[in-house]
2 protein chains.
Amino acid sequence: MEDAKRKSLEDKGWKVGTVSEFLDLTPEEAVVIEIKLALSRCLKERRQVAMTQAELANKLHSSQPRIAKAENGDASVSIELLMRAMLATGLTPHDIGQVIAQVN
Amino acid sequence: MEDAKRKSLEDKGWKVGTVSEFLDLTPEEAVVIEIKLALSRCLKERRQVAMTQAELANKLHSSQPRIAKAENGDASVSIELLMRAMLATGLTPHDIGQVIAQVN
DNA sequence: CAGAAATATATCAGATATGATATAAACAAC
DNA sequence: GTTGTTTATATCATATCTGATATATTTCTG
């Protein structure tokens, strides 16, 4: 993993800091991070053309700051919240499946 | 929703009990439940031909009881754990994407 | 530039998910 | 039917995720 990418992940709260910590990640955990980031990017792209973060938060019974975290790939956001958000912007399970299928 | 299906979900811990509670579910929440159940079914099918629950649990640094819950669609299991488990059985992001894309 | 609107960051108490453990039930093979 | 293997259920302390709130920063518009 390149330094710049690791730095970016660390800023978002991902525990991939040191090399040894990075090696502690199972392959599955690494893939899940990639999936989360892919969903996050897709959500941001779609939400921006559809509504404000506050509007989306209302639909979800969530809060604007949480949407911001979701769109920025924050580690505290679950795949479930990412999916609920994507669906609330009008994306479908098919769309979500396509995004995940393209990871790696 | 038919009675039999609602009963099955209730047994697994899903809060879809009464009609009014069911109506409280946002459409996105309902779809997410379907996605979880689809992932759960796929995991069970794949794991059964590949290894025991205990072996999978070891690969994941998890426990056999948690794998049992994952395979039986228990509400306490996150999408993230379902995905990590699927990946550990040898399934790929592409496989996972296909399962989700077929929901609904 | 000034004010408004949108987005980002920080903090936190409560809710949900977690692996561990114990143990029960189901299922084989003998 | 007894023994060994696998899967299911129950409980629990800890860790993680949650929406809410306050507030800072960026971006838009006039």
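Quick note on labels: first sequence line is chain A, next is B, and so on, each numbered from 1. Side chains are part of it too, since the values below use all heavy atoms of this structure and drop only hydrogens, waters and symmetry mates.
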Would you compute the distance between atom [atom1] of [X] and atom [atom2] of [Y] and round it to the nearest 0.5 angstrom?
| X | Y | atom1 | atom2 | answer |
| --- | --- | --- | --- | --- |
| M83(B) | I79(A) | CE | CD1 | 4.5 Å |
| L56(B) | S63(B) | CG | OG | 10.5 Å |
| I100(A) | I96(B) | CD1 | CD1 | 7.0 Å |
| L60(B) | E29(A) | CG | CD | 8.5 Å |

Residue pairs, two or more places apart or on separate chains, that pass side chain to side chain donor-acceptor pair (under 3.5 Å) and touch residues 75-91 of chain A:
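Output for this query lists D74(A)-S76(A), E80(A)-K36(B).
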By the side chain to side chain donor-acceptor pair (under 3.5 Å) test, which pairs, at least two apart or in different chains, include something from residues 95-104 of chain A?
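Listed by first then second residue: T92(A)-D95(A).
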Just how far, in rounded Å, is [atom2] of [N] from [atom1] of [X]?
| X | N | atom1 | atom2 | result |
| --- | --- | --- | --- | --- |
| R66(B) | dT16(C) | CZ | P | 15 Å |
| D11(A) | dT9(C) | CG | P | 9 Å |
| L43(A) | dA8(C) | CG | P | 11 Å |
| K69(A) | dC12(C) | NZ | C1' | 12 Å |

Nucleotide interval of DNA chain D bounded by contacts with chain B (heavy-atom cut-off, under 4.0 Å)
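Listed 5' to 3', the contact boundaries are dT6(D) to dA10(D).
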Please report how far the helix from dC1(C)-dG30(D) to dC30(C)-dG1(D) bends, comparing the axis fitted to its first five pairs with the axis fitted to its last five, to the nearest 10 degrees.
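Comparing the axis at each end, I get an angle of 60°.
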Going by side chain to side chain donor-acceptor pair (under 3.5 Å), name the residues that satisfy it together with K44(A), two or more places apart in sequence or in a different chain.
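N72(A).
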With sequence neighbours excluded, tell me which residues meet side chain to side chain donor-acceptor pair (under 3.5 Å) with K7(B).
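Counting only residues at least two positions away or on another chain, K7(B) forms a side chain to side chain donor-acceptor pair (under 3.5 Å) with D11(B).
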Do any of residues 70-82 of chain A sit with a heavy atom less than 4.0 Å from DNA chain D, and if so which?
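By residue number: A75(A), S76(A), V77(A), S78(A), L81(A).
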Can you list, in residue-number order, the parts of residues 44-55 of chain A that come under 4.0 Å of DNA chain D, counting heavy atoms only?
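None, since no heavy atom is under 4.0 Å.
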CD of E45(A): more than 12 outside heavy atoms within 6.0 angstrom?
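Open: at most 12 neighbouring heavy atoms sit under 6.0 Å from CD of E45(A).
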Just the atom pairs and distances: protein N or O near nucleotides 25-30 of chain C's N or O, under 3.5 Å.
none

For the hydrophobic clusters of this structure (ILVMFWY residues joined by side-chain heavy atoms under 4.5 Å, transitively), does one cluster hold both L25(B) and W14(B)?
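Yes, same cluster.
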Please tell me whether M86(A) and M51(A) are part of a single hydrophobic cluster in this structure, the criterion being side-chain heavy atoms less than 4.5 Å apart.
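Yes.
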Indicate the atoms forming the closest heavy-atom contact of G73(B) with S40(B), along with that distance.
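G73(B) and S40(B) have their closest heavy atoms at N-OG, 3.2 Å.
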Where is the tightest heavy-atom contact between L91(B) and C42(B), given as atom of each residue plus distance?
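Closest heavy-atom pair between L91(B) and C42(B): CD1-SG, 3.9 Å.
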Which residues share a side-chain contact (heavy atoms from CB on, under 4.5 Å) with A38(A), sequence neighbours left out
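A38(A) satisfies side-chain contact (heavy atoms from CB on, under 4.5 Å) with R41(A), V99(A), V103(A) only.
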Does anything in residues 47-64 of chain A form a salt bridge (Lys or Arg N to Asp or Glu O under 4.0 Å)? List the pairs, not counting sequence neighbours.
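Sorted result for residues 47-64 of chain A: R47(A)-E71(A).
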S62(B) near the nucleic acid: base, sugar-phosphate alone, or nothing, with a heavy-atom cut-off under 4.0 Å?
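Since only primed, P, OP1 and OP2 atoms lie under 4.0 Å of S62(B), the category is sugar-phosphate.
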